Amino acid sequence: MNPDSPTRLCLDGRALTDNWRFLKTQSGLVCGAAVKADGYGLGAREVVMRLRDAGCRDFFVAHWGEAAAIANLVPPEQIAVLNGIEADDIGCARAIGAIPVLNTPRQIALWKAEGGGRAHVMLDSGINRLGIGPEQFSTDMFRGLDIDVLMSHLASADEDVQQNEQQLALFHKLSSQIVARRRSLANSAGIVLGSNYHFDLTRPGLSIYGGIPHKQYSSHIRPVAHLSARLLQVRDLQTGEPVGYNSAHICRKPTRVGTLSIGYADGYAKSLSGKGTVLADGCILPVIGRVSMDMITVDLTATNDVGEGDWVDIAFDLPEASRISGRSQYELLTNLGKRFDRRWM
Ligand SMILES: *Cc1c(COP(=O)(O)O)cnc(C)c1O
């Protein structure tokens, strides 16, 4: 017996592949996919199968465990492990056959000492987070490496700032001194910056999953994740009565209050307390009071036709939810919890 979950996550496989195809077209035709963090919280295996069937050939994960989880779905050499290698990863790396992204002189030396083979290399062109920066750079260290993708990562591609051009220029300067099959710079937001940023391969993540880093995308990228939850209880409260923890909401009028089976443990951000909305019976209804671990409370007064046991759609427009919650679109997606009944459509 598998009990039914009162919390549903409907995943639109068509929107996922359409988003990827749009990004591919925008990229000048060679486009990979970041599927780290379990496919941005949506389920890496389901995502990889669909993108593979749509023609994607380059998948990026962060950890070796994430590579192992998808390794039987695509040829392992199509999987790149962004966080690179430690000595104790080598056995696993060889067994899986995914390709490490070498991020430091030490990782390069280790890979060579362990017999080498095909690898990717990350140059740091100004994000100063991970990758070989200009201060560590020497052409010597790359000698003898069999480099497939030579890449770098943009720090502020979602903003119109000079840093993008500076990173582009530094990436040109450093990468032109190294032999590699392919070069790659742009994430989702970077694709919008134009063909100068596309090189041989782009690496979008967020926008495949419906995230909108730039207004230019809003009419082309469709949401993939749709949340709904069951209405557990409906009650009528009088003016002055409190709702939820710490009485954060006090009814200013007679209010029909509904309690829905979704909470912050499902990734419904606590900062949506008193700010989020749900959709039922053709009405947009406000979330009132605090978001609890397993429940939210909503003002149903405007509806006639919603009762206990009904399913209610949770508004989860990523740019809007991000704006009102103060959480990034990335956090909203990757925090989606494990309790959902996940249904791919
Ligand atoms: C996560 C990641 C991406 C994808 O970035 P989005 O902003 O989600 O499109 C691309 N490249 C690297 C190195 C990453 O870590």
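Small disclaimer: the values here were computed from a predicted structure and weren't measured. Atoms within each ligand, like the ligands themselves, are counted from 1 in listed order.
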Can you tell which of Ile99, Asp89, Val61 makes a side-chain contact (heavy atoms from CB on, under 4.5 Å) with Val81?
-> Val61
Which residue supplies the protein heavy atom nearest to atom 2 (C) of ligand 1, what is that atom called, and how far is it?
-> Lys36 NZ, 2.4 Å
Pair Thr139-Gln177, side-chain donor/acceptor within less than 3.5 Å | no
For ligand 1, the portion of Arg203 having any non-hydrogen atom under 4.0 Å away = both
Do we see a donor-acceptor contact under 3.5 Å between the side chains of Arg182 and His120?
-> no
Here the atoms of ligand 1 under 4.0 Å from any heavy atom belonging to Met122 are 13 (C)
Within 45° of the axis and under 6.0 Å from the centre of the six-membered ring of Trp111, does NZ or CZ of Arg106 qualify?
-> no
Compute the shortest N/O to N/O distance between Pro204 and ligand 1 and return yes if it is under 3.5 Å, no if not.
-> no
Donor-acceptor pair between Asp140 and Ser138 side chains, under 3.5 angstrom | no
Considering only non-hydrogen protein atoms, determine which one is nearest to atom 7 (O) of ligand 1 and report residue, atom name and distance to 0.1 Å.
-> Tyr330 OH, 2.6 Å
Among non-hydrogen protein atoms, atom 9 (O) of ligand 1 lies closest to Ser188 OG, 2.6 Å
Can you tell me which residue and heavy atom of the protein come closest to atom 5 (O) of ligand 1, and the distance to 0.1 Å?
-> Asn187 CB, 3.3 Å
No-hydrogen, no-angle side-chain donor-acceptor test under 3.5 Å, Asn72 and Arg45 = yes
Which of the atoms of ligand 1 are close to Leu82, meaning less than 4.0 Å from one of its heavy atoms?
-> 13 (C), 14 (C), 15 (O)
Give the numbers and elements of all ligand 1 atoms closer than 4.0 Å to a heavy atom of Leu206.
-> 6 (P), 8 (O), 9 (O)
Of the backbone atoms (N, CA, C, O) and the side-chain heavy atoms from C-beta on, which set of Ala34 has a member under 4.0 Å from an atom of ligand 1: side chain, backbone, both, or neither?
-> side chain
Is a side-chain donor or acceptor of Asn103 paired with a backbone partner of Val101 at a separation under 3.5 angstrom?
-> yes
shortest atom 8 (O) of ligand 1-to-protein heavy-atom contact is with Tyr40 OH, 2.5 Å
Would you please classify the geometry between the Tyr40 ring and the Tyr330 ring as parallel, tilted or perpendicular, with 30° and 60° separating the classes?
-> tilted
